[in-house]
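Down below is the structure, laid out as structure tokens.
Model, not experiment: these values are computed from the prediction.
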Amino acid sequence: MASPGSGFWPFGAEEGSAAAETPGTARAWCQVAQKFTGGIGNKLCALLYGDAEKPVETGAKAAAPGVAEPRPTCTCDKKPCGCQKADVNYAFLHSTDLLPTCNGEITTMSFLQDVVDILLQYVVKSFDRSTKVIDFHYPNELLQEYNWELADQPQTLEEILLNCRTTLKYAIKTGHPRYFNQLSTGLDMVGLAADWLTSAANTNMFTYEIAPVFVLLEYVTLRKMREMVGWPGGCGDGIFSPGGAISNMYAMLIARFKMFPEVKEKGMAAIPRLVAFTSEHSHFSVKKGAAALGIGTDSVILIRCDERGKMIPSDLERRIVEAKQKGFVPFLVSATAGTTVYGAFDPLIAIADICKKYKIWMHVDGAWGGGLLMSRKHKWKLNGVERANSVTWNPHKMMGVPLQCSALLVREEGLMQSCNQMHASYLFQQDKHYDLSYDTGDKALQCGRHVDVFKLWLMWRAKGTTGFEAQIDKCLELAEYLYNKIKNREGYEMVFDGKPQHTNVCFWYIPPSLRGVEDSEERTSRLMKVAPVIKARMMEYGTTMVSYQPLGDKVNFFRMVISNPAATHQDIDFLIDEIERLGQDL
């Protein structure tokens, strides 16, 4: 494979070169930024394009690289002061010169402003299509190029700022409009602001006394999410957890407790052999949860799917009957609303009927597809979810909330508390002067729990439900656009027939050398290598990223997913052209 070079850079020039952005383009961007952001726009122009692009009237001299611009010396006696900070030489300063050290306000303000400058530059460039999605280096190259080791002696603040720049230089721009690699993509500005605020507050979610507003926001937001699931008045319970895998494990834990509450004290030896059921296309976290809870991966029975990746209800019922005949106790069915690869939605109404018939806990893993509940056009795909006992929903996926943000919703109030509480008296004193129901920590597995709700709540306030709806509808429309572009296009073959239900579009790219070749073991072997090579080239050129995988008897194929509201039809067109450019010689 040809190594990436300037002659192959598809935007016409290497990122960062003089040709990558013309002065006219930069100047136009600056004019827009200054119009809408005033002084911040001036600062961003200086960061992105250098002092040459600053407005003429500033009269500022070009600063040497890495040297802060001179600032007026602080003359006020306010603490903290609100005026501009004096120039600070970080080469002789350390973290011990920052707050809470005495008189550390000026240094702290200056340092944090410089960190924000680095972040703003990264944020703005993340949306710039002329920049790379990734500056790829192999692990051994990165390890050798920089000293990442931890030392006994502290680095200077100048070196700390360099660490920040270096880290972001090699970070994947997951907010880039041409990043399609994962289910969680995009970079929401309100969500980012909320994340910064959350870090500044730096508190824990276990009691109302140390997180009063955040605890109330979690209560309000979870109730609203349960309303959208369809539970009357938003009744029930729930919690934000560290990702969909943990939310699914919570569901398994609570379902087991509901059937056999004695397991909490006496363990698995005191109860019969349990079995759970999920589709063969479900997320691996169902098996991982069974392993972690001592149920065992062999006790997770995989149910066959149809050609579109949906669980077959008749096979579910057959396997439940078989398990009962063997003396096993079925305790949980985990249906999927939006499978990871195909984006399939299991038939929830039929599954709910079976769960009701055999008195089995019904869980819906809607980590990927739960966001469609925000859309009047697409929420029918989750019909029947209101009959579930528990639901996983990851706003950090389809809704674009910054990682991490995952909720486990439970229909029966109080069950999660009974399952997990340990009555730690040094945290959950019973004689506090406020309503103890807002001390939510005892229903969680964790003690320390990050504030994940605020970014979702603030984004919801900023967008409204209709804003999320428009965002989600747009992503689904882009997926349909891609499907319509390639379904009959030469060199493409769909993995399954028909329009995708979610934004997952699964396809093979067939290079010219394989077109017209009859199916054979040799053709299959060669086709298996196509997607990995194209993906590797994408990463080395840095132009775009899209995932691939095998599934069952199907060899490696591309799985395109769209959850980034910054993506457009032009970005889909670019992806198609780029796949063809990078794969035509295979």
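Of all the heavy atoms in Q471 and M398, the pair that sits closest is NE2-O, 4.1 Å. Of all heavy-atom pairs spanning L408 and A251, the tightest one is CD2-CB, 4.1 Å. Here the shortest heavy-atom pairing between W393 and G371 reads NE1-N, 3.4 Å. Across all non-hydrogen atoms, the minimal contact from N383 to I349 is O-CG1, 3.6 Å. Looking at every heavy atom in both residues, S241 comes nearest to Q404 through O-NE2, 4.5 Å. Considering every non-hydrogen atom in both P242 and Q446, the closest pair reads CD-OE1, 3.4 Å.
Residues passing the salt bridge (Lys or Arg N to Asp or Glu O under 4.0 Å) test with K381: none are found, sequence neighbours excluded. Remark: Y492 engages E580 in a side-chain hydrogen bond (donor to acceptor under 3.5 Å, both in side chains) (not counting sequence neighbours). W380 meets the ring-ring contact (aromatic ring centres under 6.0 Å, His included) test with no other residue; sequence neighbours excluded. The salt bridge (Lys or Arg N to Asp or Glu O under 4.0 Å) test applied to R308 returns no partner, not counting sequence neighbours. Remark: H569 engages Y481 in a ring-ring contact (aromatic ring centres under 6.0 Å, His included) (not counting sequence neighbours). Applying the ring-ring contact (aromatic ring centres under 6.0 Å, His included) rule to Y483 yields no partners; only residues at least two apart in sequence or on another chain are considered. Applying the side-chain hydrogen bond (donor to acceptor under 3.5 Å, both in side chains) rule to K169 yields the partners D135; only residues at least two apart in sequence or on another chain are considered. Residues that satisfy the side-chain hydrogen bond (donor to acceptor under 3.5 Å, both in side chains) test with E159, not counting sequence neighbours, are T156. The side-chain hydrogen bond (donor to acceptor under 3.5 Å, both in side chains) search around N504 returns W368, not counting sequence neighbours.
Using modelled atom types, one finds no donor on one side chain facing an acceptor on the other under 3.5 Å when comparing Y146 with E141. Using a 3.5 Å distance cut-off with no hydrogens or angles, the side chains of D128 and T131 do not pair a donor with an acceptor. With 3.5 Å as the limit, one finds no donor-acceptor pair spanning the side chains of S184 and H396. A side-chain N or O of T465 and one of W460 form a donor-acceptor pair less than 3.5 Å apart. Side chain to side chain, R526 and S513 meet the donor-acceptor criterion of an N or O pair below 3.5 Å. For the 3.5 Å distance criterion, the side chains of T392 and N248 qualify, holding a donor opposite an acceptor. A side-chain donor from one of S285 and H283 sits under 3.5 Å from a side-chain acceptor of the other. With hydrogens and angles left out, the side-chain atoms of T174 and T185 include no donor and acceptor closer than 3.5 Å.
Within the model, atoms OG1 of T167 and OH of Y122 stand 10.5 Å from one another, a figure rounded to the nearest 0.5 Å. Taken from CD1 in I239 to OG in S247, the straight-line distance is 9.0 Å, to the nearest 0.5 Å. To the nearest 0.5 Å, atom NZ of residue K487 and atom CG of residue L482 are 11.5 Å apart. Between the CD atom in Q182 and the OG atom in S563 there is a gap of 9.5 Å [rounded to 0.5 Å]. Here T544 contributes atom OG1 and M539 contributes atom CE; the two are 11.5 Å apart, rounded to the nearest 0.5 Å. In this structure, CG on D195 lies 6.0 Å from NE2 on H450, to the nearest 0.5 angstrom.
More than 12 heavy atoms of other residues, nucleotides or ligands sit less than 6.0 Å from atom CD of Q155. Residue N140 places its CG atom among more than 12 non-hydrogen atoms of other residues, nucleotides or ligands, all under 6.0 Å distant.
A salt bridge is defined here as a Lys NZ or Arg NE, NH1 or NH2 lying under 4.0 Å from an Asp or Glu carboxylate O, and K463 with D188 meets this definition. Salt bridge absent: K310 and D306 never bring a charged side-chain N and a carboxylate O closer than 4.0 Å. Ion pairing of R581 with E578 is present here, as a side-chain N (NZ or NE/NH1/NH2) and a carboxylate O approach within less than 4.0 Å.
Between the side chain of R178 and the backbone N or O of D571 there is no donor-acceptor pair closer than 3.5 Å. A donor-acceptor pair under 3.5 Å is formed between the side chain of K455 and the backbone N or O of L403. Although no hydrogens or angles enter the test, the distance criterion places no donor-acceptor pair under 3.5 Å between the side chain of R319 and the main chain of S314. Listed for the R537 side chain is no donor-acceptor partner under 3.5 Å among the backbone atoms of I579. Listed for the N564 side chain is a donor-acceptor partner under 3.5 Å among the backbone atoms of G175. Of the possible polar contacts, one joining the S299 side chain to the I295 backbone as a donor-acceptor pair under 3.5 Å is found. Judged purely by atom type and a 3.5 angstrom limit, H363 uses its side chain to pair as donor or acceptor with the backbone of S390. Of the possible donor and acceptor atoms, none in the side chain of S126 sits under 3.5 Å from a partner among the backbone N and O of H176. Judged purely by atom type and a 3.5 angstrom limit, T166 has no side-chain atom pairing as donor or acceptor with the backbone of N163. In this structure, the side chain of K554 does not engage the main chain of V495 through any donor-acceptor pair within 3.5 Å.
With contacts defined as side-chain heavy-atom distances shorter than 4.5 Å, the pair L168/Q121 does not qualify. Side-chain contact between L187 and F127 is present, with heavy atoms from C-beta onward closer than 4.5 Å. Within the 4.5 Å cutoff, the side chain of V286 has no heavy atoms near those of the F284 side chain.
Applying the salt bridge (charged side-chain N to carboxylate O under 4.0 Å, His left out) rule to pairs touching residues 471-485 yields E480-K499, K485-D573, sequence neighbours excluded.
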Output, in order, the C-alpha distance, side-chain angles, deciding distance and verdict of side chain to side chain donor-acceptor pair (under 3.5 Å) for Q570 and T568. CA-CA 5 Å; Q570 289 73 26; T568 65; 3.1 Å; yes
Decide yes or no on salt bridge (Lys or Arg N to Asp or Glu O under 4.0 Å) for R376 and E469, but give the supporting numbers first. CA-CA 8 Å; R376 286 166 290 187; E469 177 182 43; 2.7 Å; yes
How far apart are the C-alpha atoms of S406 and N394, what are their side-chain angles, what is the distance that settles it, and do they pass the side chain to side chain donor-acceptor pair (under 3.5 Å) test? CA-CA 4 Å; S406 174; N394 284 12; 2.6 Å; yes
Would L476 and H502 count as a side-chain contact (heavy atoms from CB on, under 4.5 Å) if you check the C-alpha gap in whole Å, the side-chain angles of each, and the deciding distance to 0.1 Å? CA-CA 6 Å; L476 281 139; H502 208 340; 4.1 Å; yes
All N/O donor-acceptor pairs, side-chain side in residues 340-348, below 3.5 Å, sequence neighbours left out:
residue: D346; atom: OD1; partner: M311; partner atom: N; Å: 2.8
residue: D346; atom: OD2; partner: T336; partner atom: N; Å: 2.8

What pairs of donor and acceptor atoms, side-chain ones from residues 505-512 against any protein atom, are under 3.5 angstrom apart with sequence neighbours left out?
residue: W508; atom: NE1; partner: V555; partner atom: O; Å: 3.1
residue: W508; atom: NE1; partner: N556; partner atom: O; Å: 3.1
residue: Y509; atom: OH; partner: R515; partner atom: NH2; Å: 3.2

